[in-house]
Amino acid sequence: MKNRTKVVVAVAVTAAVAVPGTAVAAGKLFEPKPTESFSFVTGDTPSIADGVAFGKNVAWYKSSGLGPSAMNTASGAGAEERYIPTDVFPGGVLPAGVTITEAQGINVLMRIGENLERAGLSYDDVVSMRVFLQNPAGQEKMDFAGWNRAYRQFFANTNLATGKPIDVQLGSATTAPMVVNAARPSRFALEIENLPVNGWLVEVEVDAVYPK
């Protein structure tokens, strides 16, 4: 079962129940079937899931933490600018409003996609995500807004009621998403004082469930 279907089913369950904090079906606590997983979401256009439930026999994949690839070899590129994805932003030049965290976030999520593909999975199959952000040089805190724009390029960019894609932000512009994907992983994001590689501002881990 692909994640798109799982999300729709989970919405139906939670909408019918409407019991805060507890999912109940047929008078008892909800429990996924042994080979199923469910992402619980609220509304038609949420950015993340409220949580995810795994059956005891679900086959799932857990990635290592991945940061961006050093793609920008332009002369004079600083430690953070080295991780701008030049296949998206030629020459390492960022369009209006695109932040360095946003660019690195896109880079990381592209790597996540490659990682998933090697494991026989795709973005559709991601059910949970952990995000670690470092504040850019000269900034007092992490750029969560920039990260979230990068995230919406790959996740949570459809209307669950209609199935239609939702336009997303790329810096100051509104664009079609890079990858149309209904999946809403459960997710947290933390600010980290120092990520393991000089210049990294984003590191991401994901869990994904193998389709039946």
Task: Main-chain N/O of Leu116 paired to Tyr123 side chain as donor or acceptor, under 3.5 Å - done: no
Task: Arg111 side chain to Leu66 backbone, donor-acceptor under 3.5 Å - done: no
Task: Donor-acceptor under 3.5 Å (Thr162 side chain, Lys164 main chain) - done: yes
Task: Stepwise side chain to side chain contact (heavy atoms under 4.5 Å, CB included) check, Trp147 with Met142 - done: CA-CA 9 Å; Trp147 152 255; Met142 65 180 181; over 6 Å; no
TODO: Take Phe40 and Val52 through the test side chain to side chain contact (heavy atoms under 4.5 Å, CB included) and record every step on the way to the result.
DONE: CA-CA 6 Å; Phe40 294 94; Val52 59; over 6 Å; no
TODO: Kindly determine whether Asp87 and Met71 satisfy side chain to side chain contact (heavy atoms under 4.5 Å, CB included), including the steps that lead there.
DONE: CA-CA 8 Å; Asp87 50 353; Met71 300 175 68; 3.3 Å; yes
Open item on the list: Let me check something: do Val179 and Ile106 share a hydrophobic cluster, defined by ILVMFWY side-chain heavy atoms less than 4.5 Å apart, either directly or through other members?
Closed with: yes
Open item on the list: Starting from Leu170, can I reach Leu201 by hopping between I/L/V/M/F/W/Y residues whose side chains sit under 4.5 Å apart?
Closed with: yes
Task: Verify same cluster id: Phe155, Ile48 (apolar side-chain graph, 4.5 Å) - done: yes
Open item on the list: List the residues meeting side chain to side chain contact (heavy atoms under 4.5 Å, CB included) with Ala173, not counting sequence neighbours, and say none if there are none.
Closed with: Thr175
TODO: Determine the minimum heavy-atom distance between Tyr61 and Tyr210, stating which atoms define it.
DONE: CB-CE1, 3.9 Å
- [ ] May I ask you to test the Phe144-Thr101 pair for a side-chain heavy-atom distance under 4.5 Å?
- [x] no
Open item on the list: With rounding to the nearest 0.5 angstrom, report the CD to CZ distance, Gln104 to Arg82.
Closed with: 10.5 Å
Open item on the list: For a quick check under 3.5 Å, do Thr42 and Asp50 share a side-chain donor-acceptor pair by atom type?
Closed with: yes
Open item on the list: What's the separation between atom CZ in Phe89 and atom CD1 in Ile84, rounded to the nearest 0.5 Å?
Closed with: 8.0 Å
Open item on the list: What I'd like to find out is whether the side chain of Phe54 reaches to under 4.5 Å of the side chain of Val209, using heavy atoms alone.
Closed with: yes
- [ ] Using the rule that two of Ile, Leu, Val, Met, Phe, Trp, Tyr join whenever any of their side-chain heavy atoms come within less than 4.5 Å, decide whether Tyr151 and Leu94 are in one cluster.
- [x] yes
Open item on the list: Quick check on Asn198: does its CG atom have over 12 non-hydrogen neighbours (other residues, nucleotides or ligands) under 6.0 Å away?
Closed with: no
TODO: Of all the heavy-atom pairs spanning Phe38 and Pro32, show the shortest one and how long it is.
DONE: CD1-CB, 3.9 Å
Task: Between Glu117 and Ser122: side-chain donor-acceptor atoms closer than 3.5 Å - done: no
Open item on the list: Any side-chain to backbone donor/acceptor pair from Glu80 onto Gly199? Under 3.5 Å, distance only.
Closed with: no
- [ ] Look at atom NZ of Lys56 and say whether more than 12 heavy atoms of other residues, nucleotides or ligands are closer to it than 6.0 Å.
- [x] no
Task: Smallest separation among heavy atoms of Lys141 and Pro136, with atom names - done: O-CD, 3.7 Å
- [ ] Output yes when a side-chain donor or acceptor of Arg184 lies under 3.5 Å from a complementary backbone atom of Pro46, and no otherwise.
- [x] yes
Open item on the list: Could you check whether any side-chain heavy atom of Pro185 comes within less than 4.5 Å of a side-chain heavy atom of Val127, counting everything from C-beta outward?
Closed with: no
- [ ] Determine yes or no for a side-chain-to-main-chain donor-acceptor pair under 3.5 angstrom, with Asn107 supplying the side chain and Tyr83 the backbone.
- [x] yes
TODO: With rounding to the nearest 0.5 Å, note down the distance linking OG in Ser47 to CZ in Arg187.
DONE: 5.5 Å
TODO: Taking the side chain as every heavy atom from C-beta outward, state whether Leu190 and Leu133 have any atom pair closer than 4.5 Å.
DONE: no
Task: Carboxylate-amine/guanidinium contact Arg130 Asp207, below 4.0 Å - done: yes
Open item on the list: Please say yes or no: joined through hydrophobic side-chain contacts below 4.5 Å, possibly via intermediate residues, are Val204 and Phe132 part of one cluster?
Closed with: no
Open item on the list: If we ignore hydrogens and angles and just use 3.5 Å, is the side chain of Asn157 paired with the main-chain N or O of Ile166 as donor and acceptor?
Closed with: no
- [ ] Could you tell me which residues satisfy side chain to side chain donor-acceptor pair (under 3.5 Å) with Gln134, sequence neighbours excluded, listed by chain and number?
- [x] none
Open item on the list: Between Glu36 (side chain only) and Val58 (backbone N and O only), is there a donor and an acceptor less than 3.5 Å apart?
Closed with: no
TODO: Kindly give the heavy-atom pair with the smallest separation between Asp167 and Ala176, and that separation in Å.
DONE: OD1-CA, 3.9 Å
TODO: Using the side chain to side chain contact (heavy atoms under 4.5 Å, CB included) rule, take Met129 and Phe188 through it: C-alpha gap first, then chi angles, then the decisive distance, then the call.
DONE: CA-CA 7 Å; Met129 179 181 295; Phe188 72 71; over 6 Å; no
Task: Beyond-backbone contact of Asn72 with Thr86, side-chain heavy atoms, under 4.5 angstrom - done: yes
Open item on the list: Given 3.5 Å as the limit, does a donor-acceptor pair link the side chain of Asn135 with the main chain of Gln139, or not?
Closed with: yes
Open item on the list: Side chains of Thr158 and Val180, heavy atoms from C-beta outward: is any pair under 4.5 Å?
Closed with: yes
- [ ] Examine distances only and state if a side-chain atom of Thr99 and a backbone atom of Glu102 form a donor-acceptor pair shorter than 3.5 Å.
- [x] yes
Task: Closest approach of Val88 to Pro90 (non-hydrogen atoms, all atoms of both residues) - done: O-CD, 3.4 Å
Open item on the list: With rounding to the nearest 0.5 angstrom, report the CE to CG distance, Met110 to Asn115.
Closed with: 14.0 Å
Task: Residue pair Thr174 / Gln169: nearest heavy atoms and the distance that separates them - done: OG1-OE1, 2.7 Å
